[in-house]
2 protein chains.
Amino acid sequence: MTSSSRRRGEIPLLLAMVYRAMTDELHEHLRTEGREPLRPAHGYTFRLLTERADVTAVDLADHLGVTKQAASKIATELETWGYLERRPHPTDGRARVLALTAKGADYVRHADELWAQLEDRWAAQIGTDRLDQLHHDLRAYVSASGGRAALRPVW
Amino acid sequence: MTSSSRRRGEIPLLLAMVYRAMTDELHEHLRTEGREPLRPAHGYTFRLLTERADVTAVDLADHLGVTKQAASKIATELETWGYLERRPHPTDGRARVLALTAKGADYVRHADELWAQLEDRWAAQIGTDRLDQLHHDLRAYVSASGGRAALRPVW
DNA sequence: GAATGTAGTCAACTAGATTGACCATTATAG
DNA sequence: CTATAATGGTCAATCTAGTTGACTACATTC
């Protein structure tokens with residue numbers, strides 16, 4: 001009996017609020033650390049580069065749900081700040097591979113730790129089991145909605 | 001045993017994806033209905049005006065987490081489209097009250113129904129109990145993070 | 001080897017916000 | 001009371017992160 005009278009259609013709003021609160025807390029933290037002004041799009045870029053090698057600007061554009069021009073600009077920012085490098089593509093002379101530098105990989109570990117701390121605080125409130133369920137249920141929605149879940153910030 | 005191996009710090013990403021998928025589905029639906037190009041910010045405006053009377057542009061700005069100029073512009077759009085009116089403020093001669101028109105109120109009901117349908121689809125996957133829990137757990141995070149949960153789209 | 005497709009860049013434009021200046025009205029301090 | 005400060009709203013200029021469109025260089029396919 002956890003209900004406490006849920007209004008129909010309220011969940012999306014709550015999702016927005018929680019996600020927004022979490023990202024605000026993270027980016028506020030990063031700001032106090034004197035980091036470059038990293039935005040969510042940069043975070044999603046790190047994520048992709050961590051998961052896959054041989055990522056091109058076009059791949060990044062697909063992942064973020066933006067044009068290749070926008071993706072390239074984001075990559076250039078990260079390059080300027082020393083988080084990634086553009087390397088020649090092993091097989092395609094037109095393309096260049098986007099790859100994290102050591103600084104980039106360090107940042108990913110650091111950011112993951114910060115996210116994890118937010119999660120931990122939440123777990124302390126509602127319990128680890130519930131967080132596991134949450135994870136499961138969110139995954140269910142994502143896989144049900146097909147490839148729709150691009151990562152671009154919402155509008 | 002619902003875990004299926006959750007990576008630490010993965011939850012925020014999933015929240016983002018689900019929220020993004022939901023809003024995309026909603027706005028796609030609205031578009032096929034031939035609606036004006038309503039954005040999330042408009043939705044959050046409707047929500048506030050539904051909940052409170054005597055809302056001013058400054059109140060809206062606070063709610064959305066944007067400047068009063070931006071909030072005013074959003075209000076003007078909704079006014080142009082006939083969803084809201086600006087009325088004289090009962091006690092403050094400087095201020096004007098933002099209020100939904102009948103068309104605005106109709107829209108709110110319609111949008112709530114669409115959100116609810118997305119929820120229902122989710123409920124069909126994971127069950128109503130789980131959705132109730134989700135609601136409870138999201139609320140827990142929101143109330144723990146204080147007034148931080150402004151509704152402005154994330155970056 | 002010619003035609004078509006694709007990765008990337010450059011440049012011009014757009015949307016949605018920001019900052020700053022300002023006016024009118026309200027609230028507060030002497 | 002009045003003088004001063006604070007507040008709601010608007011106008012104008014600017015910024016930012018994206019877009020579209022045109023183009024080059026390399027790849028693929030026939």
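As the structure is a prediction and not an experimental result, all values here were calculated from the model. Order of the sequence lines sets the chain letters (A, B, ...), proteins ahead of strands, with each chain counted from 1.
Here the P atom of nucleotide D:dG18 and the CG atom of A:L64 are 8 Å apart, to the nearest Å. Distance NZ (B:K73) to C1' (C:dT14): 11 Å, rounded to an integer number of Å. Put simply, CG on B:D59 is 13 Å from C1' on D:dG9, counting in whole angstrom units. In this structure, B:Y44 places its OH atom 15 Å from P of C:dG16, rounding to the nearest Å. Spacing between atom CG of B:L60 and atom P of D:dT10 amounts to 12 Å, rounded to whole angstrom units. Summarising the geometry, the separation between CD on A:E77 and P on D:dT16 is reported as 10 Å, rounded to the nearest angstrom.
Side chain of A:E119 to backbone of B:G9: a donor-acceptor contact under 3.5 angstrom is found. For B:W122 (side chain) and B:T128 (main-chain N/O), no donor-acceptor pair under 3.5 Å exists by modelled atom type. Distance alone, capped at 3.5 Å, is enough to place a donor-acceptor pair between the B:T101 side chain and the B:G82 backbone.
For DNA chain C, the neighbouring residues in residues 50-58 of chain A, judged by any heavy atom under 4.0 Å, are A:T56, A:A57, A:V58.
With respect to B:K68 and B:D62, no salt bridge is recorded, no charged nitrogen being found less than 4.0 Å from a carboxylate O. Between A:K103 and A:D106 there is no salt bridge, since no side-chain nitrogen of the basic residue lies less than 4.0 Å from a carboxylate oxygen of the acidic one. Ion pairing of B:R39 with B:E77 is present here, as a side-chain N (NZ or NE/NH1/NH2) and a carboxylate O approach within less than 4.0 Å. No salt bridge links B:R8 with A:D112; every basic N to acidic carboxylate O contact stays at or beyond 4.0 Å.
DNA chain D is contacted by both A:T91 and A:A71; A:A71 maps to the nucleotide lying nearer its 5′ end (nearest heavy atom per residue).
In terms of phosphate contacts, A:R86 brings a side-chain nitrogen or oxygen within less than 4.0 Å of OP1 or OP2 of C:dT9. The side chain of A:S72 places an N or O atom within less than 4.0 Å of a non-bridging phosphate oxygen (OP1 or OP2) of C:dT9.
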Counting primed atoms, P, OP1 and OP2 as sugar-phosphate and everything else as base, the B/S/- map of nucleotides 20-26 of chain D against protein heavy atoms under 4.0 Å is BB---BB
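At a cut-off of 3.5 Å, with distance as the only test, no side-chain donor of B:R35 or B:Y107 sits close to an acceptor on the other residue.
The side chain of B:R96 approaches D:dT10 more closely than any other nucleotide in the set C:dT18, D:dT10, D:dA17.
Each of A:Y83, A:W81, A:W115 was scored for a ring pair (Phe, Tyr, Trp, His ring centres under 6.0 Å) with A:F46, with one residue passing: A:Y83.
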